[in-house]
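To start, the structure under review is shown below, and the notes come after it.
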Amino acid sequence: MEETHCNHTPYEDTNRKDLAADRSLDTVTVRGASLFEPRTGAISTPIYQSSTFRHPGLFESTGFDYSRGINPTRTELELTLALLEQGRSGLAFSSGMGAISGIIKLYRPGDHLIVSEDLYGGTYRLFNEYYGRYGFSFSWVDTSNFTLVQEALRPETKAIFIETPSNPMMKVTDIQRCAELIHRHGGQLIVDNTLLSPYFQNPLNFGADLVIHSGTKYLSGHNDTLSGFIVHSDTQLEQPLREIQKSEGASLSPFDAWLTLRGIKTLALRMKKCEQNARRIAVWLREHPRVGQVFFTGFEDHPQYALSCSQARGFGGMISFYVKYPQDVPILLKRVSLILFAESLGGVESLITYPLVQTHSAIPEDMRKAAGINDRLLRLSVGIEDGDDLIADLADAFAQCGKEEKS
Ligand SMILES: *Cc1c(COP(=O)(O)O)cnc(C)c1O
């Protein structure tokens with residue numbers, strides 16, 4: 001691991017020093033930033049359910065004052081995220097959207113951002129419907145095509161915001177080339193790294209300035225907690241981001257910080273199992289007579305397979321696919337029983353989503369069409385159940401489609 005600095009820690013006397021330098025990601029996920037709680041030896045990070053902290057005297061501080069700005073449970077999680085993303089600093093928010101909304105405050109009305117067109121629908125809604133109103137402008141671009149990114153650059157462009165792989169079409173964007181382009185222009189590259197998690201991809205190592213996570217997904221991993229993160233390595237950005245977090249008040253609660261820490265302990269095991277299951281299911285889907293194209297970045301014939309291998313250590317647990325017949329969609333969503341028809345992704349439970357009416361309903365029809373999000377597209381977030389059971393569940397649901405067709 002590269003040298004990591006987490007210089008905002010109030011834990012001056014912990015033994016983090018020896019952790020940061022050379023432990024592998026698998027160890028950091030389990031042991032966090034501090035290995036154990038230094039004051040009592042507690043192995044599980046205590047939940048500091050306190051809104052405020054006593055000062056020993058005037059101009060004296062324990063490092064903590066008021067939990068909107070700083071809380072010890074949240075700090076341990078923030079330090080852990082910084083280590084996992086190999087950044088200098090992490091900031092935890094009450095949701096992924098809270099983190100994304102925070103990042104926008106680094107910019108000013110009149111600024112222009114280039115954004116992946118095929119991205120989380122909530123991000124589209126936030127940018128277009130809210131920040132659009134406050135004088136920001138956005139260009140929605142297929143960022144997997146670098147020429148289009150170059151063409152979208154304007155004098156007032158201050159950032160490129162990408163999701164890679166994209167959601168739901170699994171397009172891969174070249175992190176390093178985007179970073180070089182925007183740096184020559186004096187701006188920042190922001191990467192929403194939710195889909196691969198820090199276990200499989202660390203965009204800061206490829207020149208990204210800011211990494212976003214919806215911690216609700218793989219990091220928490222159990223479909224039970226909302227959280228969000230910003231991780232960065234830029235000392236210039238640390239102070240403004242802390243101010244934004246404290247001022248907006250969308251900081252993560254101590255209990256949800258603890259749940260996220262607990263989830264992260266098994267991130268490595270979960271990511272490996274999700275990917276193993278996803279690969280098997282993707283291969284199976286591809287052979288199914290009622291299935292059209294299958295989108296999985298782990299296929300060797302995926303158009304950006306080589307790029308994926310160069311910037312990520314794995315392909316993750318997400319698959320999208322077209323069914324051949326749109327009338328199969330309602331039957332499948334009703335007939336799957338192990339796989340649950342529910343929004344979200346990245347948990348231990350396998351979920352199936354219909355992006356057209358769920359995650360991507362906020363995106364205008366022409367943009368959805370251009371991106372390929374139509375009435376035949378389904379998205380699977382593959383969990384850690386037994387792979388054979390998941391395939392059997394899909395096989396049963398597809399068999400039902402065949403039956404209803406005949407009757
Ligand atoms: C879910 C998600 C978000 C939003 O995160 P919340 O925690 O739901 O607010 C942002 N980006 C991506 C890629 C997501 O999947």
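Each ligand, and each atom within it, is numbered from 1 in the order the structure gives.
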#### Entry: Pair Arg68 + Glu248, salt bridge at N-O below 4.0 Å
no

### Task
For Gln188, check side chain to side chain donor-acceptor pair (under 3.5 Å) against everything at least two apart and list the hits.
Tyr107

### Query
Is it true that the side chains of Asn193 and Glu85 contain a donor and an acceptor less than 3.5 Å apart?
yes

### Query
Any salt bridge between Arg335 and Asp396, counting N to O under 4.0 Å?
no

### Query
In chain order, what residues pass the side chain to side chain donor-acceptor pair (under 3.5 Å) check against Arg286, with sequence neighbours excluded?
Asp301

Write out each pair where an N or O from ligand 1 and one from the protein are under 3.5 Å apart, with the distance.
residue  : atom   : partner : partner atom : Å
ligand 1 : 5 (O)  : Ser214  : OG           : 3.0
ligand 1 : 7 (O)  : Gly96   : N            : 2.9
ligand 1 : 7 (O)  : Ser214  : OG           : 2.8
ligand 1 : 7 (O)  : Thr216  : OG1          : 2.6
ligand 1 : 9 (O)  : Gly96   : N            : 3.1
ligand 1 : 9 (O)  : Met97   : N            : 2.9
ligand 1 : 11 (N) : Asp192  : OD2          : 2.7
ligand 1 : 15 (O) : Lys217  : NZ           : 2.7

### Message
Just to verify, what does Lys273 make a side chain to side chain donor-acceptor pair (under 3.5 Å) with, not counting sequence neighbours?
### Response
none

